[in-house]
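Comments concern the structure below.
Below, chain A is the first sequence line, B the second, and so on; all start at residue 1.
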Number of protein chains: 2
Amino acid sequence: MAAPTSRRRASVMDVAREAGVSVGTVSNVLNRPDVVKDETRARVEQAIAALSFVPNGVARQLRSRTVTTVGALVLDIRNPYFTDVARGIEDRLSLDDHTLMLASSDDDPERERRYLRLFEEHGVLGMLVVPGSAGTRAVEEVHARGTRVVLLDHPSSIPGIPSVAVDDRAGGALAAGHLLERGHDRLVLLNGPHTIRQCVDRQRGVRDAVERAGLDPDEVVREVTVSGMDARGGDDAMRRLVADRDGAAPEAVVCVNDLVAIGAQRALRALGGTALLRSTALVGYDDLDISSELASPLTSVRQPALEMGYRAAAILLEDDRSVEQHVVFQPELVVRDSSTYAG
Amino acid sequence: MAAPTSRRRASVMDVAREAGVSVGTVSNVLNRPDVVKDETRARVEQAIAALSFVPNGVARQLRSRTVTTVGALVLDIRNPYFTDVARGIEDRLSLDDHTLMLASSDDDPERERRYLRLFEEHGVLGMLVVPGSAGTRAVEEVHARGTRVVLLDHPSSIPGIPSVAVDDRAGGALAAGHLLERGHDRLVLLNGPHTIRQCVDRQRGVRDAVERAGLDPDEVVREVTVSGMDARGGDDAMRRLVADRDGAAPEAVVCVNDLVAIGAQRALRALGGTALLRSTALVGYDDLDISSELASPLTSVRQPALEMGYRAAAILLEDDRSVEQHVVFQPELVVRDSSTYAG
DNA sequence: TTGAAAGCGCTAACAC
DNA sequence: GTGTTAGCGCTTTCAA
């Protein structure tokens, strides 16, 4: 294998010269091979090989205004839920031979802006965005400027922007309802910031369930905001909670996602071993693959991540008024040990 | 927010006309604002705002040959190990205001080719690639044509291509050595295909450890190839193993990664409950965040994923001969319950 | 400090 | 079937 040449990449001109044809013919070989005489095409293909010619996609895109790249911006690439969504997206894209540019905002408005901008400047075919705390303003602007957008994990209230989401309010109610049914009358909600729509909706759902049980949400539900929506955040929050109660664990806890729940479990075990862990009824959210494999297998609210990604990508590509533009999936409760030891 | 106009995006020409200046001046405002008279600049900026002008990055890249995008191709985006690596890459890139285009080959040569091609045609600044079963051939070609490449998770044997990897052979030896020390003299290795370099090296390491213990690897080690390097693959393989042995679990198992180990645990629990699970000593690889939270907390070989990504990105960006071009990190064994119940 | 004009590499008319 | 040429939107000389 030769060393990397610092020479300029070969261009259609070079290929044309090498093959003794015009650039138009080279372009034809590249894009409409059937229109070129066999013998000419062979010569051009030989020249392409000889020069290791790789077409400049940037120039092509500029000229032909055809793109095959879709951008996706998720909240947190380290959260398996979002990688499942991404996988669903890719599954759909690859059907049309399109490719995915994946990025993670980490709910940092600055990063979100940067990536939206990058996608827009790059002229992607469209983008799939999970908006963060900063709201949908930035996305709306992108959309207003003419780029196709589908909101992910966010019910769209914006005319012209389709969306794919899960009914988070129903999910919150599912989680809390389960704990109430099991006789718990005090709930802690380990939630993310209220700037994130999912967190607000799940909290509302929790309160719905409490009201439905004939109780007063303000008395029953104690909401604690985690420092981050990952294991670390759940761990920290649970430590604070236990410290507040002189070493006792809260009776029943709803966590905003499985990672937070896993962190909360970790804290409980660290502070008081299995005994403390089992004194709490815990429900997570997302039903990650690994949630069933935990020391205390997690009761969790399942969201159809892969399907959501697939559907969102389909809406973007099909851009078809006959397809439903606002899809809401229903979550589902999966009951395991973490919520059934206690009580 | 206005509906998406199907109108063409505004161009520098439009901005120039609106502001009553030439396109050159608009370009200067965009790229060298200090060289433009305050008052002119203000007028141009106003025009930009009025027209919602977003520069066409494709045209810019074509003309100025400056890129800020780096491509990364990992084996499996759903494996937290690789998302950690990706995160390390991003951390380094964002220092230079560069952005990451992330893709997953799923060890499918076809997908690998597609993404390498996409990156190359797009003219990325460079790429970070975890090669799959298909080997490094495709990457070498890309490199030979002049694109900067850093191999990830693969010790480079290719002149001019830097690499960042972990010593997998040492890791395999660490895992097996631990089990041997605990008195096991039959090991099952749940491995991925030998077309993947990591798998071969880890197997060699396992055999090293056996030899070091004065035993014969051919007698001690039984290697089983999983159908996929994820929980599903581990689950399937373990079921086959147990069936082969009339319902008994193997004494000691080294898994090619934590996901496989988690799947293996799942199978054991499903087949024979905690009793069967605890009759096996199990070691994983990667030390995922959640591995410590499992029903049977996983003994695992830790690889510094984040640091690897960071380092690889640094090498790519710095492109500096004074920086070591072949970095090999050393893995580390983390002992937990999964390997210490049994025996 | 600004404007005019060339050209990045490609595709798509259109002419032959 | 193939060649010629304009031009995608931008940056970058060079001149004024």
Side-chain angles (χ1 to χ4, degrees), chain A residues 7-45 47-48 51-68 117-118 120-125 145-147, chain B residues 7-45 47-48 51-69 117-118 120-124 145-147:
Chain A
R7 259 196 355 276
R8 209 178 90 276
R9 257 160 79 155
S11 76
V12 276
M13 271 272 289
D14 301 320
V15 174
R17 193 177 309 125
E18 173 86 11
V21 297
S22 75
V23 291
T25 301
V26 175
S27 176
N28 279 335
V29 170
L30 257 29
N31 303 298
R32 282 181 245 72
D34 40 301
V35 101
V36 182
K37 191 163 63 173
D38 281 11
E39 193 235 306
T40 318
R41 176 153 39 79
R43 278 221 317 288
V44 172
E45 277 163 353
I48 288 177
L51 299 175
S52 306
F53 168 72
V54 175
N56 182 328
V58 172
R60 169 189 310 208
Q61 185 180 333
L62 178 60
R63 177 61 234 237
S64 72
R65 324 182 136 272
T66 57
V67 212
T68 59
R117 181 88 182 187
L118 178 77
E120 191 176 6
E121 292 193 353
H122 246 66
V124 294
L125 184 59
R145 283 185 226 110
T147 301
Chain B
R7 260 200 348 277
R8 208 178 91 273
R9 255 161 79 157
S11 77
V12 276
M13 270 272 287
D14 301 319
V15 174
R17 194 177 310 125
E18 172 85 11
V21 297
S22 75
V23 292
T25 301
V26 175
S27 176
N28 279 335
V29 169
L30 257 28
N31 304 297
R32 285 183 243 72
D34 41 300
V35 100
V36 182
K37 191 163 62 171
D38 281 13
E39 194 234 304
T40 316
R41 174 154 38 80
R43 276 218 319 286
V44 172
E45 278 163 352
I48 288 177
L51 299 175
S52 306
F53 168 72
V54 175
N56 182 328
V58 171
R60 167 185 308 193
Q61 185 181 331
L62 178 60
R63 178 60 235 241
S64 71
R65 325 186 135 267
T66 56
V67 213
T68 60
T69 311
R117 182 85 182 189
L118 178 77
E120 190 177 6
E121 293 193 352
H122 247 65
V124 294
R145 283 186 226 109
T147 300

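Residues B/Val58 and B/Arg32 both approach DNA chain D. Their nearest nucleotides, taken by heavy-atom distance, put B/Val58 toward the 5′ side. For the pair B/Arg65 and B/Ser22, both in contact range of DNA chain C, the more 5′-proximal nearest nucleotide belongs to B/Ser22.
As rounded to whole Å, 17 Å separates atom C1' of C/dA12 from atom CD of A/Gln61. The CZ atom of A/Arg17 sits 12 Å away from the P atom of C/dC10 (whole-angstrom rounding). Here the C1' atom of nucleotide C/dC10 and the CZ atom of A/Phe53 are 8 Å apart, to the nearest Å. Computed from coordinates, the A/Asn31 CG to C/dA13 P distance equals 12 Å when rounded to whole Å. When rounded to the nearest whole Å, the span between CG of A/Asn56 and P of D/dC10 equals 17 Å. In this structure, B/Leu62 places its CG atom 17 Å from P of D/dG7, rounding to the nearest Å. The CD-C1' distance, from A/Glu39 to D/dG1, rounds to 12 Å in whole Å. Atom CG in A/Leu30 sits about 10 Å away from atom C1' in C/dT11, given to the nearest Å.
The base of D/dG7 sits within donor-acceptor range of the side chain of A/Arg63, with an N or O pair under 3.5 Å. At a cut-off of 3.5 angstrom, the base of D/dG9 holds no donor-acceptor pair with the side chain of B/Arg9.
Nucleic acid contact class of A/Val21 (heavy atoms, under 4.0 Å, all strands): sugar-phosphate only. Residue B/Val36 is in sugar-phosphate contact alone, with no base atom involved, counting any heavy-atom pair closer than 4.0 Å across all strands shown. Using a 4.0 Å heavy-atom distance criterion, B/Ser27 is classed as a base contact. Among the protein residues, A/Arg41 comes within range of no part of the nucleic acid, since none of its heavy atoms lies under 4.0 Å from any strand.
Checking side-chain atoms of A/Arg43 against main-chain N and O of A/Ala19 turns up a donor-acceptor pair under 3.5 Å. Under the 3.5 Å distance criterion, the side-chain polar atoms of B/Asp14 are matched with a main-chain donor or acceptor of B/Ser11. A donor-acceptor pair under 3.5 Å is formed between the side chain of B/Arg9 and the backbone N or O of B/Pro55.
Residues A/Arg41 and A/Lys37 are not in side-chain contact: their nearest non-hydrogen atoms beyond the backbone lie 4.5 Å or more apart. A 4.5 Å side-chain heavy-atom check between A/Arg145 and B/Val54 finds at least one atom pair inside the cut-off. The closest side-chain heavy-atom distance from A/Val67 to A/His122 is not below 4.5 Å.
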Practice task
Let me have DNA chain C in dot-bracket notation, would you? Count Watson-Crick plus G-U wobble pairs, both distances under 3.5 Å, and use [ ] for pairs crossing earlier ones and | for inter-strand partners.
Solution key: ||||||||||||||||
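Here the CD-CG distance, from A/Glu120 to B/Asn56, works out to 10.5 Å after rounding to the nearest 0.5 Å.
Using a 4.0 Å cut-off, some side-chain N or O of A/Thr40 falls inside it from OP1 or OP2 of D/dT2.
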Exercise for the section: Could you check A/Glu18 against A/Val44 for side chain to side chain contact (heavy atoms under 4.5 Å, CB included), going step by step and ending with a plain yes or no? Expected result: CA-CA 8 Å; A/Glu18 173 86 11; A/Val44 172; over 6 Å; no
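Counting only heavy atoms from C-beta on, B/Val23 has its side chain closest to D/dT11 among D/dT11, D/dG9, D/dG1. Counting only heavy atoms from C-beta on, A/Thr25 has its side chain closest to D/dT2 among C/dT1, D/dT2, C/dG9.
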